[in-house]
Amino acid sequence: MSKITIFDHPLIQHKLSILRDVNTGSKQFRELISEIAMLMCYEATRDLELEEVEINTPMCKTKAKKLAGRKLAFVPILRAGCGMLDAMLEMVPAAKVGHIGLYRDEETHQPVEYYNKLPSDINERDVFVLDPMLATGGSASDAISIIKKSNPRSIKFLCIIAAPEGIEVLSNAHPDVQIFCAAKDSHLNENCYIIPGLGDAGDRIFGTK
Ligand code: PRP
Ligand code: URA
(Lines give C-alpha, C1' and ligand atoms only; values in the text may rest on other atoms or scores of the structure.)
(Ligands and ions follow the chains in the order given, each with its own letter.)
Protein backbone atom coordinates (compact mmCIF):
# COMPACT_ATOMS: atom_id res chain seq x y z
CA MET A 1 0.00 0.00 0.00
CA SER A 2 1.31 3.45 -0.91
CA LYS A 3 2.05 5.93 1.82
CA ILE A 4 -0.59 8.67 1.58
CA THR A 5 -0.30 12.18 2.97
CA ILE A 6 -3.43 14.34 3.16
CA PHE A 7 -2.66 18.01 3.75
CA ASP A 8 -4.94 19.35 6.45
CA HIS A 9 -3.20 22.75 6.57
CA PRO A 10 -5.82 25.50 7.07
CA LEU A 11 -4.51 27.57 4.13
CA ILE A 12 -4.82 24.60 1.78
CA GLN A 13 -8.28 23.67 3.08
CA HIS A 14 -9.52 27.27 2.75
CA LYS A 15 -8.25 27.55 -0.83
CA LEU A 16 -9.69 24.13 -1.68
CA SER A 17 -13.17 25.22 -0.59
CA ILE A 18 -13.07 28.19 -2.98
CA LEU A 19 -11.67 25.93 -5.72
CA ARG A 20 -14.58 23.50 -5.38
CA ASP A 21 -17.21 26.26 -5.58
CA VAL A 22 -19.14 26.19 -8.86
CA ASN A 23 -19.15 30.01 -8.88
CA THR A 24 -15.34 30.26 -8.97
CA GLY A 25 -14.29 31.37 -12.48
CA SER A 26 -11.33 30.14 -14.53
CA LYS A 27 -8.93 32.95 -13.58
CA GLN A 28 -9.36 32.41 -9.85
CA PHE A 29 -9.48 28.64 -10.34
CA ARG A 30 -6.05 28.72 -12.04
CA GLU A 31 -4.62 30.94 -9.31
CA LEU A 32 -5.92 28.64 -6.58
CA ILE A 33 -4.59 25.48 -8.26
CA SER A 34 -1.21 27.18 -8.42
CA GLU A 35 -1.27 28.37 -4.83
CA ILE A 36 -2.31 24.95 -3.50
CA ALA A 37 0.39 23.26 -5.62
CA MET A 38 3.00 25.61 -4.18
CA LEU A 39 1.98 24.80 -0.62
CA MET A 40 1.95 21.08 -1.40
CA CYS A 41 5.38 21.30 -3.03
CA TYR A 42 6.75 22.81 0.16
CA GLU A 43 5.69 19.77 2.17
CA ALA A 44 6.27 17.09 -0.48
CA THR A 45 9.93 18.16 -0.80
CA ARG A 46 10.52 18.02 2.95
CA ASP A 47 12.80 14.96 2.66
CA LEU A 48 15.23 16.51 0.15
CA GLU A 49 18.77 16.18 1.41
CA LEU A 50 20.85 19.20 2.38
CA GLU A 51 24.59 19.70 2.42
CA GLU A 52 26.68 22.15 4.39
CA VAL A 53 28.42 24.89 2.42
CA GLU A 54 30.53 27.84 3.46
CA ILE A 55 29.30 31.29 2.41
CA ASN A 56 30.16 34.90 3.15
CA THR A 57 27.41 37.09 4.51
CA PRO A 58 28.10 40.87 4.48
CA MET A 59 29.15 40.34 8.13
CA CYS A 60 31.29 37.20 8.22
CA LYS A 61 32.02 33.75 6.91
CA THR A 62 29.47 31.13 8.00
CA LYS A 63 28.29 27.61 7.34
CA ALA A 64 24.92 27.32 5.62
CA LYS A 65 22.79 24.64 3.96
CA LYS A 66 21.97 24.05 0.32
CA LEU A 67 20.14 21.27 -1.51
CA ALA A 68 22.52 18.36 -1.90
CA GLY A 69 22.31 18.17 -5.67
CA ARG A 70 19.38 15.75 -5.88
CA LYS A 71 17.92 16.34 -9.31
CA LEU A 72 14.15 16.63 -9.69
CA ALA A 73 11.77 16.27 -12.61
CA PHE A 74 8.16 17.44 -12.69
CA VAL A 75 5.79 15.56 -14.97
CA PRO A 76 2.30 17.06 -15.36
CA ILE A 77 -0.37 14.81 -16.86
CA LEU A 78 -1.96 16.85 -19.68
CA ARG A 79 -4.00 18.87 -19.53
CA ALA A 80 -4.97 19.62 -15.95
CA GLY A 81 -1.57 18.78 -14.44
CA CYS A 82 -0.16 21.84 -16.23
CA GLY A 83 -2.11 23.98 -13.78
CA MET A 84 0.22 22.81 -11.00
CA LEU A 85 3.49 23.12 -12.92
CA ASP A 86 4.45 26.81 -12.69
CA ALA A 87 4.09 26.85 -8.93
CA MET A 88 6.33 23.80 -8.60
CA LEU A 89 8.92 25.41 -10.89
CA GLU A 90 8.85 28.59 -8.86
CA MET A 91 9.86 26.54 -5.83
CA VAL A 92 12.45 24.40 -7.69
CA PRO A 93 13.55 26.30 -10.81
CA ALA A 94 16.28 23.79 -11.63
CA ALA A 95 13.83 20.92 -12.07
CA LYS A 96 13.39 19.50 -15.55
CA VAL A 97 9.92 18.99 -16.98
CA GLY A 98 8.38 16.05 -18.80
CA HIS A 99 4.85 15.82 -20.20
CA ILE A 100 2.50 12.88 -20.49
CA GLY A 101 -0.68 13.37 -22.48
CA LEU A 102 -3.61 11.20 -21.43
CA TYR A 103 -7.33 11.70 -21.73
CA ARG A 104 -10.12 9.56 -20.35
CA ASP A 105 -12.31 7.91 -22.95
CA GLU A 106 -15.80 9.27 -22.25
CA GLU A 107 -17.49 5.85 -22.49
CA THR A 108 -14.99 3.47 -20.94
CA HIS A 109 -13.29 6.01 -18.61
CA GLN A 110 -10.01 4.33 -19.53
CA PRO A 111 -6.97 6.58 -20.16
CA VAL A 112 -5.79 7.00 -23.75
CA GLU A 113 -2.17 8.09 -24.28
CA TYR A 114 -1.51 10.77 -26.92
CA TYR A 115 1.80 12.37 -25.90
CA ASN A 116 4.94 11.45 -24.01
CA LYS A 117 8.13 13.50 -23.72
CA LEU A 118 10.37 12.97 -20.69
CA PRO A 119 13.78 14.45 -19.79
CA SER A 120 16.55 12.26 -21.28
CA ASP A 121 18.32 11.98 -17.90
CA ILE A 122 15.16 11.10 -15.95
CA ASN A 123 16.94 7.97 -14.65
CA GLU A 124 19.04 10.32 -12.45
CA ARG A 125 16.02 12.21 -11.14
CA ASP A 126 13.36 12.09 -8.43
CA VAL A 127 10.06 12.55 -10.24
CA PHE A 128 6.96 14.38 -9.08
CA VAL A 129 3.90 13.48 -11.18
CA LEU A 130 1.27 16.26 -11.15
CA ASP A 131 -2.47 15.97 -11.73
CA PRO A 132 -5.17 17.72 -9.68
CA MET A 133 -7.58 14.76 -9.89
CA LEU A 134 -7.16 11.11 -8.91
CA ALA A 135 -10.53 9.59 -9.85
CA THR A 136 -10.47 5.94 -11.02
CA GLY A 137 -6.67 6.06 -10.80
CA GLY A 138 -6.29 4.86 -14.39
CA SER A 139 -4.52 7.99 -15.68
CA ALA A 140 -2.09 8.23 -12.76
CA SER A 141 -1.29 4.50 -12.86
CA ASP A 142 -0.67 4.54 -16.62
CA ALA A 143 1.43 7.73 -16.46
CA ILE A 144 3.58 6.22 -13.71
CA SER A 145 3.98 2.94 -15.63
CA ILE A 146 5.21 4.97 -18.62
CA ILE A 147 7.67 6.93 -16.45
CA LYS A 148 8.95 3.78 -14.72
CA LYS A 149 10.15 2.41 -18.08
CA SER A 150 12.85 5.13 -17.89
CA ASN A 151 13.99 4.03 -14.40
CA PRO A 152 13.73 7.27 -12.39
CA ARG A 153 15.28 7.32 -8.89
CA SER A 154 11.86 7.72 -7.25
CA ILE A 155 8.31 8.83 -8.02
CA LYS A 156 5.85 10.85 -5.94
CA PHE A 157 2.29 11.62 -7.07
CA LEU A 158 0.80 15.02 -6.18
CA CYS A 159 -2.91 15.61 -6.65
CA ILE A 160 -5.40 17.98 -5.11
CA ILE A 161 -8.47 15.74 -4.77
CA ALA A 162 -8.32 11.95 -4.56
CA ALA A 163 -11.20 9.46 -4.63
CA PRO A 164 -10.87 6.36 -2.43
CA GLU A 165 -11.22 4.22 -5.58
CA GLY A 166 -8.27 5.98 -7.23
CA ILE A 167 -6.09 5.71 -4.15
CA GLU A 168 -6.71 1.96 -4.06
CA VAL A 169 -6.00 1.44 -7.77
CA LEU A 170 -2.83 3.56 -7.71
CA SER A 171 -1.60 1.97 -4.46
CA ASN A 172 -2.08 -1.53 -5.85
CA ALA A 173 -0.42 -0.72 -9.16
CA HIS A 174 2.48 1.26 -7.67
CA PRO A 175 2.84 0.63 -3.91
CA ASP A 176 6.26 2.33 -3.96
CA VAL A 177 4.79 5.68 -5.05
CA GLN A 178 3.92 8.08 -2.24
CA ILE A 179 0.63 9.93 -2.79
CA PHE A 180 0.07 13.52 -1.64
CA CYS A 181 -3.36 15.15 -1.78
CA ALA A 182 -5.32 17.99 -0.22
CA ALA A 183 -8.51 15.95 0.23
CA LYS A 184 -9.79 12.39 0.07
CA ASP A 185 -13.36 12.73 -1.18
CA SER A 186 -16.37 10.46 -0.75
CA HIS A 187 -16.73 8.40 -3.95
CA LEU A 188 -17.06 8.39 -7.76
CA ASN A 189 -20.41 8.87 -9.48
CA GLU A 190 -21.70 6.74 -12.38
CA ASN A 191 -19.59 8.80 -14.82
CA CYS A 192 -16.46 8.31 -12.70
CA TYR A 193 -16.45 11.93 -11.54
CA ILE A 194 -15.33 12.63 -7.98
CA ILE A 195 -18.09 13.49 -5.48
CA PRO A 196 -18.15 16.17 -4.10
CA GLY A 197 -15.03 16.97 -6.20
CA LEU A 198 -14.76 20.11 -8.25
CA GLY A 199 -16.07 19.03 -11.64
CA ASP A 200 -13.78 18.69 -14.65
CA ALA A 201 -10.44 20.16 -13.67
CA GLY A 202 -9.15 20.63 -17.23
CA ASP A 203 -12.31 22.41 -18.35
CA ARG A 204 -12.29 24.68 -15.31
CA ILE A 205 -8.59 25.59 -15.73
CA PHE A 206 -8.81 26.25 -19.46
CA GLY A 207 -12.44 27.45 -19.66
CA THR A 208 -13.33 24.84 -22.27
CA LYS A 209 -16.89 24.25 -21.05
C1 PRP B 1 -8.75 14.24 -15.80
C2 PRP B 1 -7.71 14.51 -14.73
C3 PRP B 1 -6.93 13.24 -14.69
C4 PRP B 1 -7.99 12.20 -14.98
C5 PRP B 1 -8.34 11.53 -13.69
O6 PRP B 1 -8.21 14.38 -17.06
O7 PRP B 1 -6.94 15.64 -14.98
O8 PRP B 1 -5.89 13.18 -15.64
O9 PRP B 1 -9.11 12.89 -15.52
O10 PRP B 1 -9.24 10.50 -13.93
P11 PRP B 1 -8.89 8.98 -13.67
O12 PRP B 1 -8.21 8.91 -12.33
O13 PRP B 1 -10.23 8.31 -13.68
O14 PRP B 1 -8.01 8.49 -14.77
P15 PRP B 1 -9.08 14.16 -18.38
O16 PRP B 1 -8.99 12.75 -18.81
O17 PRP B 1 -10.44 14.74 -18.18
O18 PRP B 1 -8.27 14.98 -19.47
P19 PRP B 1 -8.01 16.55 -19.57
O20 PRP B 1 -7.07 16.93 -18.45
O21 PRP B 1 -7.37 16.69 -20.90
O22 PRP B 1 -9.32 17.27 -19.45
N1 URA C 1 -11.40 14.21 -13.91
C2 URA C 1 -11.81 15.41 -13.47
O3 URA C 1 -11.35 16.45 -13.96
N4 URA C 1 -12.70 15.45 -12.47
C5 URA C 1 -13.21 14.34 -11.91
O6 URA C 1 -14.03 14.45 -10.98
C7 URA C 1 -12.78 13.09 -12.38
C8 URA C 1 -11.87 13.05 -13.39
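One-based numbering, in listed order, for ligands and for the atoms of each.
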Checklist entry - Under 4.0 Å between a Lys/Arg side-chain N and an Asp/Glu carboxylate O for D121 and R125? => result yes
Checklist entry - Is the closest heavy atom of P132 to ligand 2 under 4.0 Å? => result no
Item to check | For atom 2 (C) of ligand 2, the option (of G199, G202, A135) bearing the nearest heavy atom | outcome: G199
Put together the list of close N/O pairs, under 3.5 Å, between ligand 1 and the protein, could you?
residue: ligand 1; atom: 7 (O); partner: D131; partner atom: OD1; Å: 2.9
residue: ligand 1; atom: 8 (O); partner: D131; partner atom: OD2; Å: 2.4
residue: ligand 1; atom: 12 (O); partner: A135; partner atom: N; Å: 2.9
residue: ligand 1; atom: 12 (O); partner: T136; partner atom: N; Å: 3.1
residue: ligand 1; atom: 12 (O); partner: G137; partner atom: N; Å: 2.9
residue: ligand 1; atom: 13 (O); partner: R104; partner atom: NH1; Å: 2.7
residue: ligand 1; atom: 13 (O); partner: T136; partner atom: N; Å: 2.8
residue: ligand 1; atom: 13 (O); partner: T136; partner atom: OG1; Å: 2.5
residue: ligand 1; atom: 14 (O); partner: S139; partner atom: N; Å: 2.9
residue: ligand 1; atom: 14 (O); partner: S139; partner atom: OG; Å: 2.6
residue: ligand 1; atom: 16 (O); partner: R104; partner atom: N; Å: 2.8
residue: ligand 1; atom: 20 (O); partner: R79; partner atom: N; Å: 3.0
residue: ligand 1; atom: 20 (O); partner: A80; partner atom: N; Å: 3.3
residue: ligand 1; atom: 21 (O); partner: R79; partner atom: N; Å: 3.4
residue: ligand 1; atom: 21 (O); partner: R79; partner atom: NE; Å: 3.1
residue: ligand 1; atom: 22 (O); partner: R79; partner atom: NE; Å: 3.4
residue: ligand 1; atom: 22 (O); partner: R79; partner atom: NH2; Å: 2.9

Item to check | Side chains of S154 and D126, donor plus acceptor under 3.5 Å | outcome: yes
Checklist entry - Taking only residues two or more places apart in sequence, or in another chain, which ones meet D203 in a salt bridge (charged side-chain N to carboxylate O under 4.0 Å, His left out)? => result R79, K209
Next on the checklist: Counting only heavy atoms not in Q13 (residues, nucleotides, ligands), do more than 12 fall under 6.0 Å from its CD?
Outcome noted: yes
Checklist entry - In terms of heavy-atom contacts, does CD of E106 have more than 12 from other residues, nucleotides or ligands at under 6.0 Å? => result no
Item to check | Ion pair check, D47 and K156, cut-off under 4.0 Å | outcome: yes
Checklist entry - What's the shortest distance from atom 3 (O) of ligand 2 to any protein heavy atom, and which residue and atom give it? => result A201 N, 2.8 Å
Checklist entry - Looking at C192, which atoms of ligand 2 are within less than 4.0 Å of one of its heavy atoms? => result 7 (C)
Next on the checklist: If the threshold is 4.0 Å, N to carboxylate O, is there a salt bridge linking D142 and R104?
Outcome noted: no
Checklist entry - How far is atom 5 (C) of ligand 2 from its nearest protein heavy atom, and which residue and atom is that? => result Y193 CD2, 3.4 Å
Checklist entry - At the 4.0 Å heavy-atom cut-off, does R104 count as touching ligand 2? => result yes
Checklist entry - Taking both backbone and side-chain atoms of I194, is any N or O found less than 3.5 Å from an N or O belonging to ligand 2? => result yes
Checklist entry - Can you list the steps and then say if I155 with K148 is a side chain to side chain contact (heavy atoms under 4.5 Å, CB included)? => result CA-CA 8 Å; I155 303 181; K148 278 188 172 173; 3.7 Å; yes
Checklist outcome for this item: Only one of I18, I160, D21, L198 passes side-chain contact (heavy atoms from CB on, under 4.5 Å) with L32, and that residue is I18
